[in-house]
Every structure is written in structure tokens, then in C-alpha cells.
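Worksheet: one structure, shown below.
The sequence lines fix the lettering, A, B, ..., with proteins before strands; numbering per chain opens at 1.
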Protein chains: 2
Amino acid sequence: MAAELTAHELIARHRPTLDQALEAIRTRAYWSPHPEHPKAYGENGSLDMAAGKAAFDALHGTRIDLGQPGTDGWVEGETSPYGIETGVSYPHADLDELLPAMKAGVRAWRDAGAETRAVVCLEILKRISDRTMEFAQAVMHTSGQAFMMAFQAGGPHAQDRGMEAVAYAYVEQIRTPDTAEWTKPQGKRDPLALTKQFVPVPRGVALVIGCNTFPTWNGYPGLFASLATGNAVLVKPHPRAVLPLALTVQVARQVLTEAGFDANLVALAAERPGEGIAKTLATRPEIRVIDYTGSTEFGDWLESNARQAQVYTEKAGVNTVIVESTDDYKGMLANLAFSLSLYSGQMCTTPQNLLIPRDGITTDQGPKSFDEVAADLAKAVDGLLGDDARANALLGAIVNPDVKARLEAAAGLGEVALASREITHPEFPGAVVRTPVIVKLDGAKPDAEAAYMSECFGPVSFAVAVDSAGDAAELLRRTIREKGAMTVGAYTTSPEVEETVREVCLEEAAQLSLNLTGGVYVNQTAAFSDFHGSGGNPAANSALCDGAFVANRFRVVEVRREA
Amino acid sequence: MAAELTAHELIARHRPTLDQALEAIRTRAYWSPHPEHPKAYGENGSLDMAAGKAAFDALHGTRIDLGQPGTDGWVEGETSPYGIETGVSYPHADLDELLPAMKAGVRAWRDAGAETRAVVCLEILKRISDRTMEFAQAVMHTSGQAFMMAFQAGGPHAQDRGMEAVAYAYVEQIRTPDTAEWTKPQGKRDPLALTKQFVPVPRGVALVIGCNTFPTWNGYPGLFASLATGNAVLVKPHPRAVLPLALTVQVARQVLTEAGFDANLVALAAERPGEGIAKTLATRPEIRVIDYTGSTEFGDWLESNARQAQVYTEKAGVNTVIVESTDDYKGMLANLAFSLSLYSGQMCTTPQNLLIPRDGITTDQGPKSFDEVAADLAKAVDGLLGDDARANALLGAIVNPDVKARLEAAAGLGEVALASREITHPEFPGAVVRTPVIVKLDGAKPDAEAAYMSECFGPVSFAVAVDSAGDAAELLRRTIREKGAMTVGAYTTSPEVEETVREVCLEEAAQLSLNLTGGVYVNQTAAFSDFHGSGGNPAANSALCDGAFVANRFRVVEVRREA
């Protein structure tokens, strides 16, 4: 059967974009091919907001039949954090049938070469991009993100991270040429001459274990890095966030088929409630690469137990912001308030511990005491979220009852600087929407330490009183070393303090944002430019995206013979 | 104290070489800056053969005092496989003192940047290169290699592999720019603008666990990859092969000092007899990177237990050559005879199992039965090693009593096609020199399988009768998958058989040499062009040298602020 989409055609279509992506990861200047303004959708074959909503609504109560081998039943049960039941069902797989079937297409996929794989991946991303508004709904109703964020982070930003992984994967594979002529002089004798062929070969089947909060953003880098390096990819979504990844798998299977490859190179492994197939899957001998986003506990388990696989984890950390001094007090408060509020702090990058000298800080508005800073920050959050419509648009919904329980318990941990309040969602009365709580703690008190040295995922942050900037830096060091950190922020006008904090971050390998007072936030990273995580502290063993993230997903086999 | 060697000076001296190395790993054409002809030494400050021997002799009975912190005694006890006692002693380290001292210089080494680190490494290699003839003696009298091999493999080839690692490390670190200006358009509003700084940061202290047979060749890639990426490096040599690495550490410390860095960035951890410090060291929290060459058992232990570190292992495999047909029977026999004989087969790349159809093979000299092929190969080895002087020059000495015991036991495993014989070394009567044994086995018999499916390190090979080329390919697949392989060879004139074997090697990730009949051997790889191991089968989890070998030895920390 001739492919509907030839490699030639796909190269013509996507090579210019690939080249731009390659240039972007080299310069790390701003670049994105995926628009983040809703108005950009609805043209050139993409769905506009209404059409995306309609497509999502049309999925309700349907079965997403991917045509996968070994389908032995159907799984449903997703409930939106906004309270609606989509009633979508997904194939359940007999792994003993599905996994061997996934390997069948690997040889042709390998032989297609790095460039063809890259442009097939880019075609998948293009089809996903066209349906961004449908994915936005799917992400919103699984993660609980507010629509605008579900659209941006789950759509263009996730697609950016996927494309970034394709670019890294491609460039890594072409670092070694396809062939080489090797001629070694032998003095007066004839030279030794060999013809060498170098073939990137995949590891086998890769597993992506998705998360609840960012199914596409955190899922795409591993999915596309593994696929672009020649592996088959099995996607195991979080049981509460299946739809965005099921749609992704559906698109991938369709593009692979059209391009003349085996659809089973990408497959879905949805699970029955309580089935817990991740452990079983992760230790199957066929699984040679694993990408995981989620709890530290399970990430550590994977690193220790899935020894047959290359394991890439993004776990959890305790993120710190040091507040020492600022020449833009208002900007700092506004910036921090936004970071604490966005998606109810349910990001692995949200700051948790705000370290503030107990004697206060200097600002452009004069000295501010510890209590003033905490109160002013509380006011800033209140101001930001004072309007319910705006609050709903920023906060989204609490993703699960555990987060709600932690939020409720947090108020008992210390003096509350800002109490959480309940917000009603006009469209989705079932949504649990809460504003953040800020609790004051004394960094010197051992009982406080138990609180601020644990990850409290959700809209909870601690204003921690420290003795000095040096004390803050040492607590920062200890926090990163023991608990890990996806992000670190610092506000200081002192070159000495800045240098101290910077040195801690370099030594403990944590990503540092300094004095952010405008429209960029410590909890956000941009693909092609910012690294997400460092891979060098306990929060994650890899970074999105760098050479190390892709280089071991394939190996190079050399075939040499005399010339 | 001003550095005697400025970065500027070192860059002027070595940057052209670095650029050539970068070009070589990109094209993989032949290149080496280290001459492999003895006559090339003795000029431009390098020691000639006599001077090298004199320098080595002058070391006898001396103490190599590296001036390391925490030196709490002296270790000696190396005995040459050639029977001489050098009586050299080495510092023994108190790790609780040495390891913290090694970390002291890391910050300055990190801040020096990738290019300065690369040229300091190249200066170390240059000083080593100048003393190649001294190192040749040290390698010969620890590994048991014959002089010419100790000189070439332990000198220029090892230096090539070290430089290759420096080149990969350098290029990996500069893939991300030092700084970037990121400007994101915001429609009618002012763009968001950030200044970003990217800093490669080391993991910490790296550990190199050396081997007995190739202390420099197998030790240099990890040592230089870790050092060039900013780590401090602790070298733990094999207790029987300390001298070559002790001299290496000595040179490195001297160059580091002259270049204004802390000498303790490179240190030696020699051990007392039976002390077994590798396990202790490998699980110390300071140790964040480990390079190991040696037994599968300890390599697997490291991979499972040294969880705080990135672990790069080259373990053991069972190397196969499939002999199916040839159009150069004589060339094939000569080539194989050399591979089986070189260094008494004590290379991780030496073929062990020669799979030959039981119905014989076709050749340019007519059909040859299984027994004829075995007998002709035996004759070829006999011919190659018929002259004792030549035999001594090729075989070297048996490195330890275990190898000798395995060789002696091998004759009992089946019908002997070629018996091992004892050769006297005229200069070193204490040397244990043995020619290889070739034993015939029936691949279909279960009791034979126990022999050919185990690694029998040393001058032992098996001529294994198989049913067909297809049978051979399947046995090859199973051997690689279960036991690993550093090398695979095949002789065939059939495109179908070649394709089958090639496909097995691609699927199982093993490096394949086809129809070698001239002066290149399956057990040899050239730096800058050939990969040593694939990192994709059980023989090794990494390849020398590729992006994956260096990319995770450092991380990139980003510091961003508003522009």
C-alpha cells in the first residue's frame, strides 16, 4: 500500500519548521510556531474556540476506538474537576498482545531514518495544533485548569515542548554521519581503508506515564523524544486525565498510517479503576525507556526498579523564593501573587516557601517588616482574585480531594496571613475553586520545619521568617539538596546576596529567576529557551529539554567493512 | 599566585587540535594527533624508547608522592606479569579528608568554562604523550601486554580516546549558549524581555574504577569526560595496574597547578591488598559519576547500588564471529588468527565463539568442512605464532592466574582443534606466555552450551558447529541479548546472510565487522571514528564515545532576569 503522505512531501512541509526549531534551541531566543492567542485559531484548517468546544461535546458518551490489537474491554470513569462526566471510554489492553504488536513496526520506523521520523512527528503535532481548541477542553476537564490556561499550556506550549524534543532528538541522531570512509596511512604500505555505516537504533518500546495536571505539557516531551528516536511509544495516562492523551494517540496513529508506518508504533494503555498497571508495565522487559511525571515516591520507585529501562523522571520538589530586598515592591508583590494563584498553585513550579528576613526587607517604598511583607502579599493576592470571574479564570479547579484536604489542613500549621476562600464557578457549580492560603512560619522553630520542608502541592505557601539573607541561602541550599526544586526565585538589590543565591543554585543545580516583577513568572518556562528542571537535584533526574534527555533513547550501531 | 600557564596560552596551543578533534568526531574519518610509530618519539620534548625505559627503571623502588591531602600511608605490591617487581609505592587516602579537599577546587574549575577546561585537558594529554614511552613500560608491566601493544594501545590510542572524550564533552557544553536575550512579542503591549545566562555545572566528584588489562585505554575516556565537564576526578586503579594511572594523576595534578587550578581536582585512591575500597567509594554521597571497566558482576552491582551517581559501565560479553562463506579464505584465517592471538585474547573485544555451519562453508578455495575450517584456523594461528619471538611480541603475558586456569580448563570442554602451548620469554623468564586454545563444540548439544554461552576471558575460543546460517544468526541474537557483546564479526559472501546478521546486530545493538581479511581486526576500534561497545546490550551501558557518554556528567543551570 502506497503511503498517502510520502516522506518527501512531509519533508517539504515541515523541514523549514524543523530548521527553525534547531536554530531556536541553539540561540535560545524566543520562538514558537504555535500561536497562543485564541483568535489565531479557526483558519487554515484549525478549529476555532466554538468548533473546539463542539468537537469536545461530540465526544461525550462515545468510545474512542483506536483499533489497537489486544483490546480486551473498555475503560471509562473520568470525571471533570468541573463536575461534568464526559462518559468517554477508552480501549483496555491485553499487554501480552499489544506489546508484541507494537514491536512489529519498529524496524520500518528505524529504517526510515531520523529526518523522516522528525517530519512525521511534526505532522502529528500539526494535526494536534489544528485541534488545539478541542484539546483545550479536554485538558480543562481533566486537569481542572481554567480554560485559558488549558488552552495555552495544554495546547501551544505543550506542542512547543513536543517539537523541542523532536528537534533535540533529530540533531542528536545526525551528529554521527550515515557513512564514513576511513583511510589510515601505513607509511610505504597501502593505507588501511574501511567503509563504515552508522545506524541509530531505538531501544524498543518506550512508556510514557502521564500526570493529572499537565497531561500534554508533561507528556509530549517524552512521547516525541522516544518516537523521534525510533522507539514505539505506549502512553499510560493518569486515570483522571485520559482524554487529552487518548486524542493524542489517535492523531499519532492516523498520521503514522497515512505516512505508511504501523499505527501500533503509538498506543494507549488506559487502566481500570484501581488497576495500577504502571508498576507492571514499567518492569516489562519490552519497556526500555520510561518518562514519568508525578510523585517523588513513585518516581523513586521507578528509578530503583525499572532497571531494564532508561528512566526519565520529573518528581516533586519544594520551591523557594527568597525575598531580601527590591526596588519594585509593587511589581514584586503582583508577580508573586500571580505565581501563587495560577492554577491554584497546582504546578510543580509554583513557589512554596517565601523566605523573608525576620527583621524585614528594604524596598523602593521604604523598609517593610516581615509581617508587612506577608500582609502586603496577601493583599496583592486578594486584589488579583477579588473579582470572582477573574479568580475563576486564574485559579481553575482543585484537581482532586487530596489537594483540597492539604489546603484545609494548612491553615492549622501557623498564623494565617491570607485565608483561602471558596469561589463559586458560574458555569460549573460542581467545581471546587479555592484561593490560596499563605501561612506564616518561623524558620528557626523545629515544628515549623516539618511543614516548610515538605512538599505541600496545591494553593499553599509559607512565609518563612529567617535570620538573614545568609540564613535564607543556607535554607535554600538545604531545601534543594534534600527535597529538590523545580524553580527558585529571588528578590534582591544586593549584588552580594544575588551572588550568594546564584552560587547556591549553581552548586545545587536549580533554575533561578531573579527579580521578576513583570509579565514573566517563576513558575513558567518557555520551550526552546528555558530549561524546565535541571536534572541535577532530587526534583527531577532530567531537564526539558537537553541532549541528555534524548541521547540515550537510541544507540548507534556501526557496520564496517573493508573499502 | 599567577598561573604559569594562562588560559589564553593554552587555548593558543591546543585550540587547533581541539577543532580537528571536533571535525573528526563529526566526519568520523581517520584522524589522530598521537603517532603510533615508535620512531616518532624522541623529538620535541618527547621521550624516545630508551629514555622511556630509563624513566620507568628510575621509578623502581620509589614512592610516588602526589602530595594529596589525607594521605595516611603508602601502598605497594604491584607485580609485573613479566615477573619483575617494581617496588613503586603510592599514597593511601583517608577518604574523609581527601574527598572534601577534592571539592574545594570545583567552583573555580566550573567558572573557568568549557573551553579552558578542554585545553587544560589537552595539555595533560600532551604531557602524557611526551612520556608515552615511559607509560608504555608502565602499561606493559601491569597489563602483561607485549611492548608494542602496550605502547600503541596504552599510549597513542588511549590518548586518542581521552581526547575524543574531551571533544565530546566540550561540544556538549557549548550546545547551549552562555547567554541569550529572549524577547516575546505581546501584540500592542511592550514585549516581554529576559536576559538568560546558562552555566554548565558539574555533578561533583567523579570516580574512575580502572581495570587490569587496559588501565589507560579504558580509564582515559571517563577521566577526561568527567574532568572536561567540570567534575573533580578520583582515580581508583586496579590493584595490579596502579602505575599507569598514578603517573596520569601526577601529570594531571601538575598541569592543573601550573594552570592555576587546584591539584586536588584529580586524585588517586590506591588500595591496600584486599581492602576492596571500590564498593565503599562507589556509594559515597560525594561520588556523582562513576566509570567502570571490569567484570559483569561488579558492573551490575554498581548499576544497582550506586544510585546517587551516573554509572557508566563496560562489563563483559560473549563475542561471536559467524563464518558462513568467504571469497578470501586465506585472508579470513589470517585475520581471525591475529584477533585470537593478540594479547592472548585478553581483550573485551576478542572473539570467543566462531559459529560455523556443521555442513561446512564455501570459499574461494572450494568448499571447506567444519573440521577443515577449524583445522585451517588452528594452522593459521600456529603459523602466526610459530616463531617464539613473534609469538612473544603478539601474545604478551597472561595477566593473572585466573586466566591461566581458565585456559587450562578449556581443553577439557570439547575436542581440541588447537592446543595451547607454553612459550618462554627470553628477557622475562617469569612471564606466563601461552598460545590460544581452540575447542570444537556442537552448538546443538546442551552441555556444550554451558561453555559457549559463558564468557571465557583469555586465549580460549570455541569453533561451534551450527545447523545453518539462520541458526547462527539466532544463536548470535540470543548470545547478544543474554550475555552481551562488545564486538560481532561475520564472514559471508551471501547478501541474504549479511542482511540477516546485520539485522540481528541492529536489533540487539551490537557493533558489526564484516569480512575483515586485511590489517583491521574485529577486536580493534579507532577513536574519533569507531564506537567501542554500543551501550545497548548487556556488555556495556555506554559507548566510547558519544553524546550520551558526556551529556549527563554536567547539568545546565539557567539564571534569568528581566532585560
Side-chain angles (χ1 to χ4, degrees), chain A residues 25-30 37 107 110 172 175-177 180-187 189 192 194 196 198-199 201 203 303-304 307 502-503 505-507 509-520 526 529-531 534-536 543 546-548 551-552 555-562, chain B residues 25-30 37 107 110 172 175-177 180-187 189 192 194 196 198-199 201 203 303-304 307 502-503 505-507 509-520 526 529-531 534-536 543 546-548 551-552 555-562:
Chain A
I25 61 175
R26 204 183 59 71
T27 65
R28 307 198 85 79
Y30 170 76
H37 197 290
R107 180 174 174 176
R110 177 198 78 202
E172 194 68 33
R175 288 176 77 178
T176 303
E181 298 298 324
W182 181 87
T183 307
K184 180 176 177 176
Q186 296 290 292
R189 286 174 293 150
L192 298 174
L194 295 180
K196 303 177 179 187
F198 300 96
V199 185
V201 301
R203 290 270 178 188
E303 291 174 19
S304 296
R307 308 306 314 283
R502 181 177 174 277
E503 184 58 26
C505 289
L506 293 181
E507 290 182 2
Q511 309 297 12
L512 174 62
S513 295
L514 276 170
N515 296 319
L516 297 185
T517 57
V520 175
S529 182
D530 292 319
F531 291 106
S534 78
D546 64 8
N552 233 338
R555 301 282 72 218
V556 175
V557 171
E558 176 181 348
V559 180
R560 60 181 189 172
R561 67 187 84 210
E562 284 156 7
Chain B
I25 61 175
R26 204 182 59 73
T27 65
R28 306 198 85 79
Y30 170 77
H37 197 291
R107 180 174 176 175
R110 178 198 78 201
E172 194 70 31
R175 288 176 78 178
T176 303
E181 297 300 325
W182 180 89
T183 307
K184 180 176 177 177
Q186 296 291 291
R189 287 173 293 151
L192 299 174
L194 294 179
K196 302 178 179 187
F198 300 97
V199 185
V201 301
R203 289 272 179 187
E303 291 174 20
S304 296
R307 306 308 313 284
R502 180 177 174 277
E503 185 57 26
C505 288
L506 293 181
E507 290 182 1
Q511 309 297 12
L512 174 62
S513 295
L514 277 169
N515 298 316
L516 297 184
T517 57
V520 175
S529 181
D530 293 318
F531 290 106
S534 78
D546 63 9
N552 233 337
R555 302 281 72 215
V556 175
V557 170
E558 176 182 348
V559 180
R560 60 180 188 170
R561 69 186 82 211
E562 284 156 8

Just checking, is any N or O donor in the side chain of S513(A) or R560(B) under 3.5 Å from an acceptor N or O on the other one?
yes

V199(B) versus R502(A), closest heavy-atom pair with distance
CG2-NH2, 3.9 Å

Greatest number of heavy atom pairs closer than 4.5 Å to chain A - which of H37(B), E507(B), E503(B), R26(B):
E503(B)

Contact part of L192(A) toward chain B, heavy-atom cut-off under 4.5 Å: side chain, backbone, both or neither?
side chain

Would you check if the side chain of R110(A) reaches a backbone N or O of L506(B) as a donor-acceptor pair within less than 3.5 Å?
no

All heavy atoms of W182(A) vs all of A29(B), minimum pair found to be CD1-C, 3.9 Å

With a 3.5 Å distance limit and no angle check, can you tell me whether Q186(A) reaches the backbone of G519(B) through a side-chain donor-acceptor pair?
no

Against F531(B), only a single residue in R555(A), K196(A), E558(A) fulfils side chain to side chain contact (heavy atoms under 4.5 Å, CB included); can you say which?
E558(A)

Side chain, backbone, both or neither: which part of E181(B) has a heavy atom under 4.5 Å from chain A?
backbone

Nearest-0.5 Å distance, CG of residue L194(B) to CG of residue L516(A)
6.5 Å

Are E172(A) and R175(B) close enough, and set up right, to give a salt bridge (charged side-chain N to carboxylate O under 4.0 Å, His left out), and what steps lead you there?
CA-CA 11 Å; E172(A) 194 68 33; R175(B) 288 176 78 178; 2.8 Å; yes

Among A526(B), G536(B), P177(B), who wins on heavy-atom pairs under 4.5 Å with chain A?
P177(B)

T27(B) versus chain A, heavy atoms under 4.5 Å apart: side chain, backbone, both or neither?
backbone

Given a strict heavy-atom distance threshold of 4.5 Å, which part of R107(B) is in contact with chain A: side chain, backbone, both, or neither?
side chain

I need the minimum non-hydrogen distance between N515(B) and E562(A), along with the two atoms involved.
O-OE1, 3.6 Å

Residue part contacting chain A, namely of V557(B), when any heavy atom lies under 4.5 Å
both

Chain A contact via I25(B) - which portion, at a heavy-atom distance below 4.5 Å
backbone

Side chain, backbone, both or neither: which part of R28(A) has an atom under 4.5 Å from a heavy atom of chain B?
both

Over all atoms of both residues, closest heavy-atom pair of A551(B) and G547(A)
CB-C, 4.2 Å

Okay, D546(A) and chain B: the region with an atom under 4.5 Å from a heavy atom over there is side chain

Scored by heavy-atom pairs under 4.5 Å with chain B, the best of A543(A), A510(A), S529(A) is S529(A)

Between A180(B), G187(B), P185(B), S304(B), which residue shows the highest count of heavy-atom pairs closer than 4.5 Å to chain A?
S304(B)

